[in-house]
Amino acid sequence: MNITIIAVGKLREKFMKQGIEEYHKRMTTLANVKIVEVADEKAPDQLSEKEQEQVKDKEGERILAKIPQQAYVIVLDLKGEMLSSESLAEKLNHLALHGKSKVVFVIGGSLGISESVRRRADFLWSMSKLTFPHQLIRVIVMEQIYRAFQINRGSSYHK
């Protein structure tokens with residue numbers, strides 16, 4: 001399976017980079033995982049609602065340009081469906097069994113995701129009702145993908 005994680009902005013914190021690297025290393029025998037960073041749109045702290053939408057739209061254009069045509073797209077979104085780790089494992093297994101070998105996970109910027117990216121999604125996934133820094137979500141997504149593969153292999157990692 002080919003998994004791409006498209007994320008807005010650069011990962012800056014060393015400990016988060018180390019977490020990503022650790023799960024990336026663990027995934028090498030399970031799937032081909034690629035992380036693609038797209039530039040975040042520079043904007044002042046205080047934005048009107050219209051300006052926020054413009055920022056999300058510009059970031060969305062960058063995201064959409066990186067999504068392969070035939071990919072199954074899972075967008076992380078507060079309005080999405082919450083999944084257990086087992087349900088995510090089931091979903092990835094189902095996709096693999098039905099010829100969907102290219103799966104793209106999209107993590108938006110600090111303002112969220114554009115409507116155009118939301119429309120491109122095959123599935124909207126909400127990780128939690130809690131608010132997380134969008135950079136921390138990268139580590140969590142990597143761990144959950146790894147966990148899903150371990151569940152599907154019957155590994156004791158999940159316990």
Side-chain angles (χ1 to χ4, degrees), residues 1-40 59-60 62-159:
M1 184 169 259
N2 294 296
I3 295 177
T4 302
I5 298 172
I6 300 174
V8 175
K10 288 249 182 250
L11 198 57
R12 291 176 180 79
E13 291 83 0
K14 185 178 178 180
F15 71 95
M16 287 194 205
K17 286 180 183 179
Q18 290 171 330
I20 294 283
E21 289 166 8
E22 176 61 27
Y23 287 109
H24 195 262
K25 182 176 71 177
R26 291 181 186 191
M27 289 291 297
T28 56
T29 61
L30 305 171
N32 179 27
V33 179
K34 181 171 69 168
I35 299 170
V36 176
E37 292 181 335
V38 297
D40 53 347
E59 291 173 347
R62 293 180 192 128
I63 290 167
L64 291 170
K66 301 292 183 182
I67 298 174
Q69 187 88 24
Q70 69 281 16
Y72 185 90
V73 180
I74 299 174
V75 173
L76 278 83
D77 187 88
L78 292 172
K79 299 173 185 171
E81 182 180 337
M82 286 193 206
L83 296 175
S84 66
S85 296
E86 294 86 355
S87 295
L88 178 62
E90 213 173 275
K91 178 173 272 308
L92 291 178
N93 192 48
H94 178 80
L95 291 171
L97 291 173
H98 289 86
K100 297 287 186 180
S101 62
K102 292 184 181 180
V103 178
V104 174
F105 289 83
V106 176
I107 303 169
S110 59
L111 296 176
I113 210 84
S114 71
E115 274 307 312
S116 59
V117 173
R118 210 176 262 119
R119 283 192 302 272
R120 173 58 182 90
D122 294 295
F123 184 77
L124 295 175
W125 179 25
S126 175
M127 299 221 56
S128 171
K129 291 185 185 231
L130 298 171
T131 302
F132 295 103
H134 65 280
Q135 293 188 350
L136 179 59
I137 287 296
R138 292 188 205 188
V139 179
I140 296 171
V141 167
M142 281 291 287
E143 191 280 337
Q144 285 299 301
I145 293 169
Y146 176 71
R147 182 177 296 273
F149 275 88
Q150 292 303 320
I151 289 169
N152 288 335
R153 290 178 73 200
S155 167
S156 61
Y157 173 83
H158 178 59
K159 304 291 182 226

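Just the heavy atoms: all of them, side chains too, but no hydrogens, waters or symmetry mates, feed the values below.
The salt bridge (charged side-chain N to carboxylate O under 4.0 Å, His left out) contacts involving residues 103-113 comprise nothing, where partners must be two or more places apart or lie in separate chains. The salt bridge (charged side-chain N to carboxylate O under 4.0 Å, His left out) contacts involving residues 64-74 comprise nothing, where partners must be two or more places apart or lie in separate chains. Within the structure, side chain to side chain donor-acceptor pair (under 3.5 Å) contacts touching residues 94-110 (residues at least two apart or in different chains) are His94-His98. Here salt bridge (charged side-chain N to carboxylate O under 4.0 Å, His left out) pairs that include residues 121-141, with residues two or more places apart or in two chains, are Glu37-Arg138, Arg120-Asp122.
When the side chain to side chain contact (heavy atoms under 4.5 Å, CB included) test is applied to Leu97, the partners found at least two apart in sequence or on another chain are Asn93. With sequence neighbours left out, the side chain to side chain contact (heavy atoms under 4.5 Å, CB included) criterion links Ser84 to Glu86, Ser87. The side chain to side chain contact (heavy atoms under 4.5 Å, CB included) test applied to Glu90 returns no partner, not counting sequence neighbours. In this structure Arg118 satisfies the salt bridge (Lys or Arg N to Asp or Glu O under 4.0 Å) test together with Asp77, Glu115, sequence neighbours excluded. Gln144 is linked by a side chain to side chain donor-acceptor pair (under 3.5 Å) to Ser85, counting only residues two or more places apart in sequence or in another chain. In this view, Tyr146 and Tyr23, Tyr157 satisfy the ring pair (Phe, Tyr, Trp, His ring centres under 6.0 Å) rule, not counting sequence neighbours. For Ser126, the side chain to side chain contact (heavy atoms under 4.5 Å, CB included) partners are Met82, not counting sequence neighbours.
Nearest heavy-atom pair, Lys17 versus Arg12, reported as atom, atom and distance to 0.1 Å: CE-O, 4.0 Å. Contact detail for Ser116 and Leu64: the closest heavy-atom pair is OG-CD1, 3.6 Å. Closest approach of Ile113 and Val75 over heavy atoms only: CG1-CG1, 3.9 Å. Of all heavy-atom pairs spanning Ala148 and Leu92, the tightest one is CB-CD1, 3.8 Å. What you find for Val8 and Ala39 is that their closest heavy atoms are CG1-O, 4.2 Å. Contact record, Gly112 with Glu59: O-OE1, 4.5 Å, taken as the closest heavy-atom pair.
Taking NZ of Lys91 as the start and CG of Asn152 as the end, the distance is 13.0 Å to the nearest 0.5 Å. From Ile137, atom CD1 reaches atom CD of Gln135 across 11.5 Å, with rounding to the nearest 0.5 Å. A distance of 9.5 Å separates OG1 of Thr4 from CD1 of Ile67, quoted to the nearest 0.5 Å.
Side chains of Ile3 and Phe149 form a contact here, defined as non-hydrogen atoms less than 4.5 Å apart. For the pair Phe132/Leu76, no side-chain contact is recorded, criterion being any heavy-atom separation below 4.5 Å from C-beta on. Residues Val141 and Met127 form a side-chain contact, since some pair of their non-hydrogen atoms from C-beta on lies under 4.5 Å apart. Using a 4.5 Å heavy-atom cutoff, the side chains of Leu124 and Glu81 are not in contact. For the pair Arg147/Ile151, a side-chain contact is recorded, criterion being any heavy-atom separation below 4.5 Å from C-beta on.
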With a 3.5 Å cut-off and sequence neighbours excluded, list the donor-acceptor pairs that the side chains of residues 27-35 form with protein atoms.
unit_1	atom_1	unit_2	atom_2	d
Thr28	OG1	Lys25	O	2.9
Asn32	ND2	Asn2	OD1	3.0

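For Leu136, the CG atom is densely surrounded, since the number of other residues' heavy atoms within 6.0 Å is greater than 12.
Partner of Glu22 under the side-chain hydrogen bond (donor to acceptor under 3.5 Å, both in side chains) criterion, out of Gln18, Arg26, His24: Arg26 alone.
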request  = Would you sort out whether Phe123 and Leu95 count as a side-chain contact (heavy atoms from CB on, under 4.5 Å), showing the intermediate values?
outcome  = CA-CA 12 Å; Phe123 184 77; Leu95 291 171; over 6 Å; no

